[in-house]
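Worksheet: one structure, shown below.
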Amino acid sequence: MKTLLRDVRDALYVDQPYLEIAGRDEAVVVEGTYLLLAKLPAYRDRGPLAEHRIKIEIPADYPATEPRVTMLDESIPKHDSFHCSSAGVCCVTVFETWVVTQKDPSIGAFLEGPLRNFFLSQLLRREGRDWPFDEWGHGIDGWIDAVAELIGCRPRKTEVRNVLERRRDDDPLDMEAGCPCGGRLSAEECCGTPLQDFWMQVSAETAEAWLGRLVDLTPKLSPREVQRRIHRNRPFRRVQ
């Protein structure tokens, strides 16, 4: 906890004088005004590009657990198209895939990378332009898209789950055998080289955690919806 607190202070010390940093309940909490500054020295003298009042909760076990970023003002619309929920919780990135693809997944890298890119993107989105960095949908669909992109398979829940289960069980990857995604082709002909990289980047323990995340993100059906689906899928029987 002390190390994380020190790392957060070091990362924010120079450029973020209006953010307060404190350790609370097994997390480092950063709260205050975030200044989105230009990188080029010629533009830094013009002041911040934008200001946002935010709160960042960084769990003590970071990077095992994703930081939570919440908007405390109305500086960006709280709408899915701006990747901000009605409660102000920001979808900064698909954290799981970001962590495993980084040589340096430190909190400083997160603050300078995904967090800064998120607020930089807001400037372009307000002008009606495309999101400049990796962008996926929200909830379960967006998470599946991001993980499927890392695996190299199609963005289907079944295929992503099949690969994660094979990786969780620590099954050796044979590129000449059937693809772990469940396709009929060999791994080399189906998901290909990205699958080899995935086997190296994601451990069995991480795959198990991602399977749990997949379950958590999957919407829970109400009893009425369960009955509706049962009746919809029930074979039709002709009355004699």
Side-chain angles (χ1 to χ4, degrees), residues 1-127 129 131-136 138-139 142-143 146 213:
M1 185 69 172
K2 290 182 179 179
T3 300
L4 178 62
L5 187 60
R6 182 199 64 209
D7 291 345
V8 173
R9 285 174 174 160
D10 289 347
L12 299 174
Y13 175 74
V14 176
D15 292 334
Q16 302 296 335
Y18 304 118
L19 290 177
E20 296 182 358
I21 306 167
R24 304 175 192 165
D25 300 329
E26 298 301 317
V28 174
V29 179
V30 179
E31 188 170 345
T33 300
Y34 175 83
L35 304 179
L36 179 62
L37 302 173
K39 286 293 186 181
L40 298 176
Y43 290 92
R44 288 178 72 93
D45 294 338
R46 302 183 184 182
L49 302 173
E51 298 182 16
H52 306 281
R53 280 197 48 81
I54 65 172
K55 179 179 181 181
I56 310 172
E57 298 165 273
I58 309 166
D61 64 349
Y62 177 91
T65 305
E66 177 181 5
R68 180 184 176 93
V69 181
T70 307
M71 295 298 303
L72 301 179
D73 63 11
E74 304 298 326
S75 58
I76 64 173
K78 294 176 180 178
H79 188 274
D80 283 353
S81 61
F82 286 84
H83 297 277
C84 185
S85 73
S86 59
V89 179
C90 301
C91 301
V92 175
T93 187
V94 177
F95 186 71
E96 291 89 347
T97 59
W98 178 79
V99 167
V100 300
T101 56
Q102 298 301 303
K103 293 181 179 179
D104 173 27
S106 66
I107 187 59
F110 174 81
L111 297 172
E112 187 60 23
L115 184 72
R116 184 176 188 278
N117 290 346
F118 174 81
F119 288 113
L120 190 61
S121 300
Q122 298 295 338
L123 297 178
L124 298 178
R125 182 51 60 87
R126 290 296 288 265
E127 297 175 2
R129 300 162 81 179
W131 196 270
F133 303 101
D134 290 336
E135 182 178 26
W136 298 281
H138 293 273
W143 192 86
R213 176 77 164 151

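Just so you know, these numbers come straight off a predicted model, no measurement behind them.
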Search all heavy atoms of [X] against all heavy atoms of [Y] and return the closest pair with its distance.
{"X": "P59", "Y": "P67", "result": "CD-CA, 4.0 Å"}
{"X": "D104", "Y": "S106", "result": "OD1-OG, 2.9 Å"}
{"X": "P114", "Y": "A109", "result": "CD-O, 3.6 Å"}

Does the side chain of [X] reach to within under 4.5 Å of the side chain of [Y], using non-hydrogen atoms?
{"X": "Y34", "Y": "L115", "result": "yes"}
{"X": "E96", "Y": "W143", "result": "yes"}
{"X": "S75", "Y": "I54", "result": "no"}
{"X": "F118", "Y": "I76", "result": "yes"}
{"X": "L5", "Y": "K2", "result": "no"}
{"X": "K78", "Y": "V89", "result": "no"}
{"X": "L123", "Y": "E127", "result": "no"}
{"X": "D73", "Y": "T33", "result": "no"}

Just verifying a value: how many Å separate [X] [atom1] and [Y] [atom2], rounded to the nearest 0.5 Å?
{"X": "S85", "Y": "H79", "atom1": "OG", "atom2": "NE2", "answer": "11.5 Å"}
{"X": "I58", "Y": "D7", "atom1": "CD1", "atom2": "CG", "answer": "10.0 Å"}
{"X": "M1", "Y": "R24", "atom1": "CE", "atom2": "CZ", "answer": "10.0 Å"}
{"X": "R125", "Y": "C84", "atom1": "CZ", "atom2": "SG", "answer": "12.5 Å"}
{"X": "L111", "Y": "D15", "atom1": "CG", "atom2": "CG", "answer": "11.5 Å"}
{"X": "L19", "Y": "R53", "atom1": "CG", "atom2": "CZ", "answer": "9.0 Å"}

Is it true that a side-chain atom of [X] and a backbone atom of [Y] form a donor plus acceptor pair closer than 3.5 Å?
{"X": "R116", "Y": "L37", "result": "yes"}
{"X": "Q16", "Y": "L35", "result": "yes"}
{"X": "T65", "Y": "Y62", "result": "no"}

With a sphere of 6.0 Å drawn around CD of Q102, does it hold more than 12 non-hydrogen atoms of other residues, nucleotides or ligands? yes
What is the ring orientation for F95 with F110, classed by angle as parallel under 30°, tilted 30 to 60°, or perpendicular over 60°? perpendicular
